[in-house]
> 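One structure follows; several queries about it will come next.
Values below: all heavy atoms of this structure, side chains included; hydrogens, waters and symmetry mates excluded. As the structure is a computational prediction, the values presented were derived from the model and not from experiment.
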Amino acid sequence: MDTRGLPWAHLFARAVLGLIFFMAGVFKVFQLGPLEHARRFFVEPYAESFLPTWSLWATGSVVPVVELCCGALLIVGLRVHQASLALGGVLVLVTFGHLLDQPLYAFHTHVIPRLALLLVILILPRDADTMSLDAILGKRRSGR
């Protein structure tokens, strides 16, 4: 099997998914603000649900920061596995929220493309991600 395309697959999947989450995080953190994001997208829509208000504030305030930081980590290829797992958690959380609000939510426009890229990153062999800071730093540590 020809594996020459694997590093590029990693790079493109990381870059696109990283940019999607990073730019969302930039907007939510620096333009909207984490508390306004929490109020508008978590507290108000789910205030009448079974979820405790404190959890809506906490989650709604943290998600933008996770998107910003983990998106940036994916772009540069640092701590890719950990950032991917954190963003996977965000996708599960978003899926739960949308389904709680609209049981027939159309996932093909929002969740599925991000999940597909995330699965590519998680499924491809990590050692094939040679165009990342993880790879560069790993070579330095091992003396290669």
> Under the side chain to side chain contact (heavy atoms under 4.5 Å, CB included) rule, what do M131 and H10 come out as? Steps first, then yes or no, please.
CA-CA 8 Å; M131 294 186 263; H10 267 291; over 6 Å; no

> Do F30 and V65 share a hydrophobic cluster, counting only Ile, Leu, Val, Met, Phe, Trp and Tyr and linking them when any side-chain heavy atoms are less than 4.5 Å apart?
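Yes, one cluster joins them.
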
> Go through the steps to decide whether F21 and R114 satisfy the test side chain to side chain contact (heavy atoms under 4.5 Å, CB included), and finish with yes or no.
CA-CA 9 Å; F21 277 108; R114 289 163 177 82; 4.1 Å; yes

> Do L78 and S132 come within less than 4.5 Å of each other through their side chains, counting heavy atoms only?
no

> Quick one: closest heavy-atom pair of V80 and D134, and the distance?
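So the two residues come closest at N-OD2, 3.0 Å.
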
> Any salt bridge linking D129 with R14? Criterion: basic side-chain nitrogen under 4.0 Å from a carboxylate oxygen.
yes

> Between atom CD1 of I136 and atom OG1 of T130, what is the distance when rounded to the nearest 0.5 Å?
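Answer rounded to 0.5 Å: 9.0 Å.
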
> For H110, enumerate each residue passing the side-chain hydrogen bond (donor to acceptor under 3.5 Å, both in side chains) test, keeping only those at least two apart in sequence or located in another chain.
none

> Is there a donor-acceptor pair closer than 3.5 Å between any side-chain N or O of S55 and the backbone N or O of L51?
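Flag not set: sc S55 to bb L51 has no pair under 3.5 Å.
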
> Are F22 and V111 grouped together when hydrophobic residues (ILVMFWY) are joined by side-chain heavy atoms under 4.5 angstrom apart?
no

> Give a yes or no answer on whether the side chain of S61 reaches the backbone of A58 with a donor-acceptor pair at less than 3.5 Å.
no

> Taking all atoms of both residues into account, what is the closest heavy-atom pair of P64 and P34, and its distance?
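It is CG-CA, 4.4 Å.
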
> Taking all non-hydrogen atoms of both residues, which atom of W57 and which atom of L35 are closest, and how far apart?
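Closest heavy-atom pair between W57 and L35: CZ3-O, 3.5 Å.
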
> Is a donor on one side and an acceptor on the other found under 3.5 Å between the side chain of T3 and the backbone of L6?
no

> Under 4.5 Å between side-chain heavy atoms, hopping through other hydrophobics if needed: is there a path connecting V66 to I75?
no

> If you group Ile, Leu, Val, Met, Phe, Trp and Tyr by side-chain heavy-atom gaps below 4.5 Å, do V94 and V16 land in one group?
yes

> Between CG of L32 and CZ of R40, what distance do you get to the nearest 0.5 Å?
5.0 Å

> Taking all atoms of both residues into account, what is the closest heavy-atom pair of G18 and L74, and its distance?
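So the minimum-distance heavy-atom pair works out to CA-CB, 3.9 Å.
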
> Between R39 and P45, what is the shortest heavy-atom contact and its length?
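Minimum heavy-atom separation between R39 and P45: O-CD, 4.1 Å.
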
> Is it true that a side-chain atom of R79 and a backbone atom of S84 form a donor plus acceptor pair closer than 3.5 Å?
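No: the side chain of R79 does not pair with the backbone of S84.
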
> For L117 and F12, what are the C-alpha separation, side-chain angles and deciding distance, and is it a side chain to side chain contact (heavy atoms under 4.5 Å, CB included)?
CA-CA 9 Å; L117 289 169; F12 295 145; over 6 Å; no

> Test F27 against H37 for ring pair (Phe, Tyr, Trp, His ring centres under 6.0 Å), laying out the working first.
CA-CA 10 Å; F27 173 75; H37 175 264; 8.9 Å; no

> For the pair Y46 (side chain) and L56 (backbone), establish whether a donor and an acceptor sit closer than 3.5 Å, ignoring hydrogens and angles.
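Between the backbone of L56 and the side chain of Y46 there is no qualifying donor-acceptor contact (under 3.5 Å).
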
> Is the number of heavy atoms from other residues, nucleotides or ligands under 6.0 Å of Q31 CD greater than 12?
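Enclosed: over 12 neighbouring heavy atoms sit under 6.0 Å from CD of Q31.
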
> Run through V92, L99, L93 and flag the one making a side chain to side chain contact (heavy atoms under 4.5 Å, CB included) with T95.
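Only one option passes, and that is L99.
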
> Of all heavy-atom pairs between L118 and L87, which one has the smallest distance, and what is that distance?
CD2-C, 4.5 Å

> Could you go through the side chain to side chain contact (heavy atoms under 4.5 Å, CB included) check for H81 and I121 one step at a time?
CA-CA 8 Å; H81 186 71; I121 293 167; over 6 Å; no

> Starting from L91, can I reach I123 by hopping between I/L/V/M/F/W/Y residues whose side chains sit under 4.5 Å apart?
yes

> Atom CG of L115 and atom CG of L17: how far apart are they, to the nearest 0.5 Å?
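The distance works out to 9.5 Å.
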
